[in-house]
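Working notes, structure below.
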Amino acid sequence: MSHASPRQIVVVGEGIAGTMAAAMLARALAPRFTVHLVATGREDDSTGLREAADLARPELRRLHDSLGIGEEQLLQATGGTYSLGTAWS
């Protein structure tokens, strides 16, 4: 039986979208594939992390769960806090 070298996937991007895409692919495809994140070198003009988290709270929680990132672990690693609500105008 031959042992093929692992295949590689390159995600080109910035910000939360590139990081989460690379993390999900790495989690889903390991160990058959290795995933690399390559920054474009351009300033990230996407929605800020706080705003993105407010807009995608249920989906973001499912994403973290699928990556094996617990809420307590995430808050400790990032120095995060809880928000009791958001007022939209």
Side-chain angles (χ1 to χ4, degrees):
M1 180 162 78
S2 67
H3 295 282
S5 61
R7 295 182 178 196
Q8 298 185 21
I9 296 173
V10 176
V11 175
V12 179
E14 297 284 339
I16 192 169
T19 302
M20 291 294 109
M24 286 300 296
L25 287 168
R27 178 79 170 195
L29 301 176
R32 296 171 295 146
F33 292 85
T34 57
V35 178
H36 305 276
L37 177 60
V38 177
T40 61
R42 294 184 296 162
E43 186 174 322
D44 182 15
D45 61 355
S46 65
T47 303
L49 182 57
R50 169 96 168 94
E51 290 80 11
D54 282 344
L55 295 173
R57 193 153 290 156
E59 291 77 14
L60 197 54
R61 178 137 190 196
R62 284 192 289 273
L63 174 64
H64 290 154
D65 288 344
S66 68
L67 289 170
I69 301 171
E71 187 172 352
E72 185 176 331
Q73 174 191 9
L74 179 66
L75 289 173
Q76 287 178 351
T78 62
T81 61
Y82 287 99
S83 172
L84 298 178
T86 301
W88 302 98
S89 59

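We're numbering straight along the sequence, starting at 1. Hydrogens, waters and symmetry mates are skipped; everything else that's a heavy atom, side chains included, is used.
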Residues forming a salt bridge (charged side-chain N to carboxylate O under 4.0 Å, His left out) with R27, sequence neighbours excluded:
none

Could you give all pairs that pass the salt bridge (charged side-chain N to carboxylate O under 4.0 Å, His left out) test and reach residues 66-76, with sequence neighbours left out?
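The answer is R61-E71.
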
Among residues at least two apart in sequence or on other chains, which ones pass side chain to side chain contact (heavy atoms under 4.5 Å, CB included) with T19?
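T19: side chain to side chain contact (heavy atoms under 4.5 Å, CB included) contacts with L37.
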
Going by the rule side chain to side chain contact (heavy atoms under 4.5 Å, CB included), which residues pair with L63 if we only count those two or more places apart in sequence or in a different chain?
M20, M24, L60, S66, L67

Looking at every heavy atom in both T81 and L75, which two are closest together, and how far apart are they?
N-CD2, 3.8 Å

Kindly write out the residues that satisfy side-chain hydrogen bond (donor to acceptor under 3.5 Å, both in side chains) with H36, not counting sequence neighbours, or none if the list is empty.
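Per chain and number, H36 pairs via side-chain hydrogen bond (donor to acceptor under 3.5 Å, both in side chains) with Q8.
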
Under a 4.5 Å side-chain heavy-atom rule over Ile, Leu, Val, Met, Phe, Trp and Tyr, are V11 and L29 clustered together?
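Yes.
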
